[in-house]
Amino acid sequence: MDDMQEISPFSLEKKEKKSYLDRELFALSKKHYEKCREYRAMMDMQGCHFDQAGSYEEIPFLPVGLFKEMELRSIEKEEIFKTMTSSGTTGQAVSKIFLDRETASRQQKTLVKIVSEFTRKARMPMLIIDCPSVIKNRAMFSARGAGILGFSIFGSKKAYALMDDMEIDWETVTSFLEEHKGQDILLFGFTFMIWQHFYKELLKKKETAGETLDLSRGILIHGGGWKKLQKEAVSPQEFKDALKHVCGLSRVHDYYGMVEQTGCIYMECECGHLHASIFSDVIFRRAEDFSVCDKGEPGIIQVVSVLPGSYPGHSLLTEDEGVLLGEDDCPCGRKGKYFKVIGRLKNAEIRGCSDTYAADFSRR
Amino acid sequence: MEPEYILGNEQVLEQMRAMHPFDETVIQFLDEISKRLLKHPFAKEYPDLVTFGFWCRRASVMEMEKSVSWLPPAREHGVMGRGIVFHIAPSNVAMNFAYSFAAALLAGNGNLVRLPSKKFPQVDYFCDVVKEILKEHREWQTFACFVKYGHEKEITDRFSEISDVRVIWGGDAAIREIRKSPLKIRGKEIVFADRYSIAVIRAEDYLFLSEEQKKQAARNFYNDTYLMDQNACTSPMLLVWLGEEETVQRAEELFWETAFPWIKKKYELQAVQAVKKLQAMYRMAAVPGAVLVKNKNFSDNRIVRVKVPELFSGLMDYRENSGFFIEYGTTELEDILPVLTERCQTVSFLGNSLKEELAELVKKNCPSGVDRIVPMGKTMDFSLIWDGYDLIREMSREVGI
């Protein structure tokens, strides 16, 4: 895959990309089959032994939830360079992802390649819309912390916009903006945090004191999902409009990604579409038989990535629903699939006497 | 914090008194419910309402009374209800509370019923019918108070304090929560914990069925499983096929092929369930020799089958609902003993003389589990012996003279 680091991450058309993914993902499958005992058993039980190469779409996918209940890795304990965990609300199980040096470094390189396609610059002053304490515990990364650390490589200079009590640190923000006046700045944060603790405060300030921040030279990259904002009935377009209204921010990119496939993020282009880079792909599957959906037909999102060398996470079934919008023909000019994430799969209301009582309790 | 009284009130609660089991007024009351439910305009839409209607009609109740063999001699001494029974119904099964209520009433008790928290039209219809009857027969008012409330512990505390028997449905988690509220000193408790069930099919007998009988078997199986998302404690999670390997294979294939169109037509699988079942399938990779069975003529996530080479006591921890079946083939019925753990509730069967063979096996080996042995299709039929409890006995007391 390292040869691919040389070319633009959105430059391959369907056929070329497929033959590349077929090759890389088959090799990864074989590697994990040999190195990870649990993965091998999972493949064996369905008669899949990777004897001969095939289409990457046929490689079995593991539900991401499996990483929450077992430790899956294809490297020796001594080779673990860092362990990533997903953010989970308290009490919930978290995913554990084991990285060796090589996988970690590929993740970082890939992230840089993908993101700089959108920011057009490798590094710039970076304002993080979160509080500094979120990354303090380096031993165990949370998704929020990992996202921030991952993106920190883009910051030539960094500042945190929020204090630990989630209030805006006005002093830091204004002096940061003053210092970098006339330059492009990168803003990064989690969608809901930005809305709740940044946008709403800016709006209040604007309405009460008539003061605004000038972020017209800003590029905002945000992720983490829309679940909480859907509850507040905020659409992606409203999110963008609102930010423009309070601080003149006009370059806003959402991204889709998960700790189980760090590095391979799916960035939103100028047309509002999420894009798969050459390092990964999305496949939408029908609940009924896991067959591949047609374009425009919503399905369960499967993600494949050529990066996971240290754990068998190269082909995963997420718990999200999405829809393929097209391939190779986005008006933004980028090749590859482009799509939309609809949101989390709806929780099933299951009948039966073993109750939802406990779940009700934990949600209280 | 006050509960919402759908039926009755605090005063009614105070007036509740014990009666004799199968009291004539109670039988009359239940028969009245039966009549009105069966001719209810919405009855057709809710088969569970109709099933209950048949279950509580006079003739059926008289049959039940006859089946309580210890009752006549006990009557000589004096048997009576314990007082007030507090029922906590599961939130996601509509009519379960009605059976619990009727059983306790037949045992001679006044009843305080916490209705399911989820909204079910059947529950509303049922409550309306009972309300109507009680308006006409004020003397029966003390039979029941129906309440709705959330998870307010204070209310559960208060109700537990005044109740002589507490009945908890809804499995381990619910039991653990509710046990935080102490019982009355002399109160007793009946709990329905998480259980699993299994089915045993004799391959040869299945193959011998006519096509129509095979279809009926498929519908019966559907009712035992998918109808409740295979998540009732009575739903079989494991299918044991009895017979020589080749016969078993033919029977299995035919069984699923026959069941598939019906399942596909009736069962709506949600995406989350498909993902959960895939996860459960992969979890089973830890079971040596477990293989995913690929159906020959169809592939559909509604049916996920994993075949195992042996049965062992921890196997059922791998169970999953919504159409996830662990399967095992053998010539020896005894092989099922390891899964007849304390958590095993119902063994349903399809095959000649299997009932006797299963009964014999259980009697001979005294496994820690198995509370019922019933034909396939009958797993959900409620009876006064449930989960190993003789409900009338448990909810009544006998005077020793």
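Protein chains get the first letters and strands the later ones, always in sequence-line order, with residue 1 at the start of each.
- Contacts between B:Ser322 and chain A at a heavy-atom distance below 4.5 Å involve the side chain alone, from C-beta outward.
- The cationic group of B:Arg302 does not satisfy the cation-pi geometry with B:Tyr267, failing either the under 6.0 Å distance to the six-membered ring centre or the 45° limit from the ring axis.
- Salt bridge annotation for A:Arg286-B:Asp300: absent, with no cationic side-chain nitrogen under 4.0 angstrom from a carboxylate oxygen.
- If you tally non-hydrogen atom pairs under 4.5 Å between each of A:Ala287, A:Gly47, A:Pro63 and chain B, the highest count goes to A:Pro63.
- Interface summary for chain A: among B:Val306, B:Leu278, B:Asn321, the most heavy-atom pairs under 4.5 angstrom belong to B:Leu278.
- For a residue to count as touching a neighbouring chain, one of its non-hydrogen atoms must lie under 4.5 Å from one of that chain's; by this rule B:Val287 does not touch chain A.
- At least one test fails for B:Arg114 against the ring of B:Phe86: distance under 6.0 Å to the centre or angle within 45° of the axis.
- Not a single donor-acceptor pair under 3.5 Å links the side chain of A:Asp100 to the backbone N or O of A:Glu79.
- For the options A:Met43, A:Met70, A:Glu69, heavy-atom pairs under 4.5 Å to chain B are most numerous at A:Glu69.
- Using a 4.5 Å cut-off between heavy atoms, B:Lys118 contacts chain A through its side chain alone, with no backbone atom that close.
- Ring centers of B:Phe52 and B:Phe126: under 6.0 Å apart, within the cut-off.
- The candidate from B:Gln273, B:Gln230, B:Lys276 with the greatest count of non-hydrogen atom pairs under 4.5 Å with chain A is B:Gln273.
- Contact annotation for A:Arg40: neither backbone nor side-chain heavy atoms come within less than 4.5 Å of a heavy atom of chain B.
- Here A:Met42 is the residue among A:Met42, A:Arg37, A:Lys346, A:Glu319 with the most heavy-atom pairs under 4.5 Å with chain B.
- Distance OG/B:Ser299 to CZ/B:Phe260: 8.0 Å, rounded to 0.5 Å.
- When heavy atoms are compared at a cutoff of 4.5 Å, A:Ile300 approaches chain B solely by way of its side chain, counted from C-beta outward.
- Options B:Leu292, B:Leu227, B:Asp229 differ in how many heavy-atom pairs under 4.5 Å they form with chain A, and the most are formed by B:Asp229.
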### Message
Pair B:Tyr389, B:Val191 - check side-chain contact (heavy atoms from CB on, under 4.5 Å), show working.
### Response
CA-CA 10 Å; B:Tyr389 291 115; B:Val191 296; 4.1 Å; yes
### Query
Are B:Tyr226 and B:Tyr222 close enough, and set up right, to give a ring pair (Phe, Tyr, Trp, His ring centres under 6.0 Å), and what steps lead you there?
CA-CA 5 Å; B:Tyr226 288 88; B:Tyr222 182 93; 5.7 Å; yes
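- In this structure, chain B has no heavy atom under 4.5 Å from any part of A:Glu321.
- B:Arg195 does not touch chain A: none of its heavy atoms, backbone or side chain, sits under 4.5 Å away.
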### Query
Which is it for B:Met281 and B:Lys277 under the side-chain contact (heavy atoms from CB on, under 4.5 Å) test, yes or no, and what are the steps along the way?
CA-CA 6 Å; B:Met281 185 274 276; B:Lys277 290 200 296 180; over 6 Å; no
